[in-house]
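All heavy atoms count here, side chains included; hydrogens, waters and symmetry mates do not.
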Amino acid sequence: EALLFALHRLARTGGSAASTAAARIGADAARGALARMVVEPLGLDPAREVVVVPVGMLQRLPWAALHEGPVAVAPSARAWATSAERPARGGTVVLLAGPELPGAIDEVAILARIHPGAVVLIPPSTTVADATVALSDAGLVHLACHGSVRADNPLFSSLLVSDEPLTVQEIERRGLAPHRLILAACESSSETVYAGNESLG
């Protein structure tokens, strides 16, 4: 809770320098304490890749901040193993910035320099139609946009694009599944837990 509180303070803009510095100290202290409790006892090589299947409130943790190497967070070991066994698929790189999100266009512009030739969609070109066409042949997708989780009906969870929300139902109906997808969206790791620690995010 202390780490999440400090990270929320850091994410807010407009705070004083002293407030930001205090939040940074709090976040670093909480992150260090969690790493000592959860990761360090495992004795892992700091560069080793780690897969985490968290339960309950541990789903909210920023696991990548607790380990130096690559970290994958999965809803279940089976889901991760199934995706890991799937052969890599080629395709285009798609970089999409949603509307009403400060920094999204800059984020996509930086990534476009790393991925020359990528399909870049920025508002107002980030419509559902444009996004689904781009995603249909994508191997790597980075989405920087607002997200919304519907705990009552997960298929209506959505990403905000320029004209209307792009729902999970629409993505699934069209079979839009790139090999790798980076979801830089709010609520993409929401703590919604069902019976048996089944997670939704």
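- Other residues sharing the hydrophobic cluster of Val133, ordered by chain and number and joined by side-chain separations under 4.5 Å: none, the residue standing alone.
- Cys145 SG to Glu107 CD: the interatomic distance, rounded to the nearest 0.5 Å, is 9.5 Å.
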Going by atom type alone, with no hydrogens or angles, which donor-acceptor pairs under 3.5 Å involve a side-chain atom of residues 162-173 and a protein atom two or more places apart or on another chain?
residue: Ser162; atom: OG; partner: Thr126; partner atom: OG1; Å: 2.5
residue: Asp163; atom: OD1; partner: Val128; partner atom: N; Å: 3.0
residue: Thr167; atom: OG1; partner: Glu170; partner atom: N; Å: 3.1
residue: Glu170; atom: OE1; partner: Arg173; partner atom: NH2; Å: 3.4
residue: Glu170; atom: OE2; partner: Arg173; partner atom: NH2; Å: 3.0
residue: Glu170; atom: OE2; partner: Arg174; partner atom: NE; Å: 2.4
residue: Glu170; atom: OE2; partner: Arg174; partner atom: NH2; Å: 3.0

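- Not a single donor-acceptor pair under 3.5 Å links the side chain of Trp80 to the backbone N or O of Val73.
- Residues Leu181 and Leu160 do not share a hydrophobic cluster, defined by chaining ILVMFWY side chains whose heavy atoms lie under 4.5 Å apart.
- In this structure the side chain of Leu66 never reaches within 4.5 angstrom of the side chain of Val71, judged on heavy atoms.
- With sequence neighbours left out, Arg78 forms a side chain to side chain contact (heavy atoms under 4.5 Å, CB included) with Ser76, Thr82.
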Indicate every side-chain donor-acceptor pair of residues 91-106 with a distance under 3.5 Å to a residue at least two apart or in another chain.
residue: Thr92; atom: OG1; partner: Asp137; partner atom: O; Å: 3.1

**Message:** Would Leu135 and Val141 count as a side chain to side chain contact (heavy atoms under 4.5 Å, CB included) here? Give the steps.
**Reply:** CA-CA 7 Å; Leu135 292 174; Val141 175; 3.4 Å; yes
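- Without hydrogens or angle criteria, Arg9 side chain to Ser19 main chain gives a donor-acceptor distance under 3.5 Å.
- The minimum heavy-atom distance between Pro62 and Leu7, with the atom names listed, is CG-CD1, 3.6 Å.
- Think of Leu4 as one node in a network of Ile, Leu, Val, Met, Phe, Trp and Tyr side chains linked at under 4.5 Å; it has no links at all.
- By the 4.5 Å heavy-atom criterion applied to side chains, Leu143 and Leu159 are counted as neighbours.
- At a threshold of 4.5 Å between non-hydrogen side-chain atoms, the residues Ser136 and Leu176 count as touching.
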Table please: side-chain donor-acceptor pairs of residues 25-52 below 3.5 Å, with sequence neighbours left out.
residue: Arg31; atom: NH1; partner: Ala65; partner atom: O; Å: 3.3
residue: Arg36; atom: NH1; partner: Gly32; partner atom: O; Å: 3.3
residue: Asp45; atom: OD1; partner: Ala47; partner atom: N; Å: 2.9

**Request:** Test side chain to side chain contact (heavy atoms under 4.5 Å, CB included) on His142 and His115 and set out the steps.
**Result:** CA-CA 11 Å; His142 183 98; His115 299 283; over 6 Å; no
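- Val119 and Ile110 fall into different hydrophobic clusters, where Ile, Leu, Val, Met, Phe, Trp and Tyr side chains are chained together by heavy-atom contacts under 4.5 Å.
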